Amino acid sequence: MTRQHADVERRLSELRATLHHHNHCYHVLDAPEIADAEYDGLFDELLSLEASHPYLITEDSPSQRVGAGPAAQFEKIQHRQPMLSLDKSTDADELRDWMLRCRSRLGDASGLDFICEPKIDGVAVALTYRDGLLVSAATRGDGLIGENILANVRTIASVPLRLVGADIPQAFEVRGEIYMAHRDFDAFNERAAQQQQKPLLNPRNGAAGSLRQLDSRITASRPLTMFCYSAGWIDGDWQPQTHAEVLRQFALWGFRTNPMTEEVGGLEGCLDYIQRLQDARNSLGYDIDGIVIKVNQLALQEELGNVTRKPRWAIAFKYPAEEATTRLVDVDFQVGRTGAITPVARLQPVFVGGVTVTNATLHNIDEIQRLGLRIGDQVMIRRAGDVIPQVRGVLLSQRPADSSAVVIPERCPACGSQVERAGGEIVIRCSGSVNSCPAQRKEGIRHFASRLALDIDGLGDKIIEQLVEKGMVSDAADLFELDVEALSGLERMAQKSAENLCAAIAASKQTTLPRFIYALGIREVGEATAHSLAMHFGTLEDLRNADLEALEEVADVGPVVARSIYDYVHNADNLRVLDALLASGVNWPAIQRDEAAQPLAGQTWVLTGALDVMSRNEAKAALQLLGAKVAGSVSAKTSVVVAGPGAGSKLAKATALDINVVDEEQFLAFLQEAGIDIPNG
Ligand code: IVH
């Protein structure tokens, strides 16, 4: 062996070890230690050394994750132990019954412990490691015979190709779930939309479809990841005692295990876990369809055994499904406050996410094309938490023969004005104005009264509709002319409700300048921009007198937003309403903009994960009030990161960059000290 050859071999093994380590930090621990560019530099060096010394390439080299060429078909693999499915429970009684059955079967069940983990909605796989190397990966198949998808699984960065650490058994099987995280799924679909390709229906479908590719180079381009959740057979002298011990050992060997796994005490502990995970369900960053509860002691698992194809030692607790399929009955077009026309899917009622859904948003007309929707189609609906139901995709195989195209309107459905689509915009708009279009008028008033604007309690959609249709209100200022007598004349409005509403309207006159600016409904001016404008100009007068240049000096205001504000305050109709609002007594306390009131001036904060007590918007507004900038991503310039449960890559990045991280409790304490009102949790 030449000297040079030995040097290359040493460098290659050094590079592989370093790359394995950083791969593990990034994909398994969610805690990168080096910048992406640095990783890429090392990876390039590996590729170029291997290219010039191809005989030194090893199976477990990080370069070998890129995917092989197409295979003719998947080879069948017989599972040494069947891959089972789980019994289901949906309430506390069923769970209690299962626990009682375990106890009574075991006779003496004094030491019986349970362990809970999220039930990942992905694809089950069984991995075989021999001498620490990944040698096989099989799908569940029918539970007895699966398919060998090794080439595809090798492309998944969080699956170790070679294990690290001590006491690795000679051969053993690891089981787990391969899935696509929400962030990766969204990014994938965004790219698909740009390239005019069909979107993935849901992350589970995305994972299953990616693993089914005969060409593993396609799988390599799909962002998949894996949680390992149990050991299958073991050849060697590893004899773990508990499931928790298996998972701990897995993590030491380099597998990714679910950090939400918890050993719990009895039924109460399980129910508490189930509730906590249900609350956190939408901030986990991946789909779960329930919880798996397992007997922790492996000896007791063995004693309990299996019934046909289900273990007696584990049970699933299922959450309400967040997805369902139903029929698209029609597409309606709704006119918003700024004249933007949004398509809304009318659906055959379907129970999903715990409620009956009849409508779903379609965002814009491009979305109709992207999804390839036709009236009559069977569609996949998703409703997660309080999020507005969405149409995920069309089940093309179930398209009825009499499906019909969605017709995009040429005239505004509310006022009949021509519909226009400005160059480059993805929205279509009513060309009429708030003066001619009743839909824009209603929406403008609804916005004015909404929670983040003047917050008029009791002024609901039905009332606004009547007020506008009867000609009692044509702009926001008219609201302050209403009296109890006029209001009690409305349908289904009792004297007492009319009095309450009148009082709420009067009370709303006392507001703040940011709320007032937001309430005006200026196009492009959301709550955050309204806040920046108020803080920057301090008075409505100064905002009205600002020229385009002055407007663009405001944080987050670019030329388009500046032009929109400028046009708004130079429109005679708008000025008339503004003056009428002031004349009717709408007022706000003067804004203090001295340094003392802005202790966070010059700082940049980032919010990530779920917040319990405050909404994101409230937290953001509070920070801005104190002078901080609120950014969407973590960088070296970030001052503080507020991290709630479910925080992922942003938290990891903050930790890697040594940035100050606080939890919600610390954040609230800080706000309280700074004199900010905290909503009641
Ligand atoms: S344990 C005996 N743990 O659920 C079966 N399964 O309905 C042991 N699954 O096919 C499975 N997350 O694909 C287990 N944390 C978890 C899981 C999990 C998802 C899937 C798995 C299995 C199905 C059973």
Side-chain angles (χ1 to χ4, degrees), residues 79-90 94-95 98 102 114-127 137-147 149 153 156 158-159 173-181 202-208 211-212 224-234 240 242-248 250-251 255-264 270 273-274 276-278 280-281 284-298 300-319 321-322:
H79 297 300
R80 223 165 105 174
Q81 276 172 6
M83 288 183 80
L84 306 174
S85 57
L86 288 171
D87 244 345
K88 292 180 198 56
S89 60
T90 49
E94 288 174 355
L95 200 55
W98 171 72
C102 286
F114 297 100
I115 186 160
C116 292
E117 46 195 64
K119 186 168 187 300
I120 313 295
D121 201 1
V123 178
V125 285
L127 311 177
T139 59
R140 179 172 185 277
D142 64 1
L144 300 174
I145 295 179
E147 288 181 319
I149 52 165
V153 171
I156 301 172
S158 53
V159 173
E173 189 191 65
V174 174
R175 292 181 174 182
E177 199 87 353
I178 291 178
Y179 68 94
M180 201 180 262
N202 55 32
R204 209 203 80 80
N205 241 269
L211 289 173
R212 227 180 288 119
L224 300 178
T225 183
M226 176 169 181
F227 277 130
C228 295
Y229 54 62
S230 70
W233 51 266
I234 302 168
T242 62
H243 180 63
E245 185 190 331
V246 169
L247 297 179
R248 271 195 299 274
F250 276 179
F255 293 108
R256 188 157 172 268
T257 54
N258 197 317
M260 309 303 280
T261 303
E262 267 179 44
E263 291 172 67
V264 294
C270 278
Y273 180 90
I274 287 166
R276 277 186 286 126
L277 265 280
Q278 185 154 11
R281 187 176 181 186
L284 291 175
Y286 47 86
D287 279 354
I288 64 173
D289 54 356
I291 298 299
V292 186
I293 303 123
K294 302 175 179 174
V295 167
N296 194 19
Q297 292 94 336
L298 300 183
L300 299 184
Q301 286 191 4
E302 183 139 335
E303 198 174 329
L304 285 165
N306 307 325
V307 234
T308 51
R309 305 280 281 279
K310 290 173 183 166
R312 290 200 189 88
W313 48 264
I315 192 164
F317 186 98
K318 291 284 233 175
Y319 289 141
E322 290 182 330

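No experiment lies behind these values; they were computed from the predicted model shown. Each ligand, and each atom within it, is numbered from 1 in the order the structure gives.
Of the candidates Lys294, Lys310, Arg312, Lys310 is the only one forming a salt bridge (charged side-chain N to carboxylate O under 4.0 Å, His left out) with Asp87.
No side-chain donor-acceptor contact under 3.5 Å links Tyr229 to the backbone of Glu177. Not one N or O on the side chain of Arg309 forms a donor-acceptor pair closer than 3.5 Å with the backbone of Leu84. No donor-acceptor distance shorter than 3.5 angstrom exists from the side chain of Arg175 to the backbone of Ala124, with no hydrogens or angles considered.
Residues Gln301 and His243 have side chains that never bring a donor and an acceptor to within less than 3.5 angstrom of each other.
Asn258 meets the side-chain contact (heavy atoms from CB on, under 4.5 Å) test with Pro118, Ile120, Phe227, Met260, Thr261, Tyr286; sequence neighbours excluded.
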What short N/O contacts, under 3.5 Å, does ligand 1 make with the protein, listed by atom pair and distance?
{"residue": "ligand 1", "atom": "3 (N)", "partner": "Lys294", "partner atom": "NZ", "Å": "3.1"}
{"residue": "ligand 1", "atom": "4 (O)", "partner": "Lys119", "partner atom": "NZ", "Å": "3.2"}
{"residue": "ligand 1", "atom": "12 (N)", "partner": "Ile120", "partner atom": "N", "Å": "3.0"}
{"residue": "ligand 1", "atom": "13 (O)", "partner": "Glu177", "partner atom": "OE1", "Å": "2.5"}
{"residue": "ligand 1", "atom": "13 (O)", "partner": "Glu177", "partner atom": "OE2", "Å": "3.4"}
{"residue": "ligand 1", "atom": "13 (O)", "partner": "Tyr229", "partner atom": "OH", "Å": "3.2"}
{"residue": "ligand 1", "atom": "15 (N)", "partner": "Glu117", "partner atom": "OE2", "Å": "2.8"}
{"residue": "ligand 1", "atom": "15 (N)", "partner": "Pro118", "partner atom": "O", "Å": "3.1"}

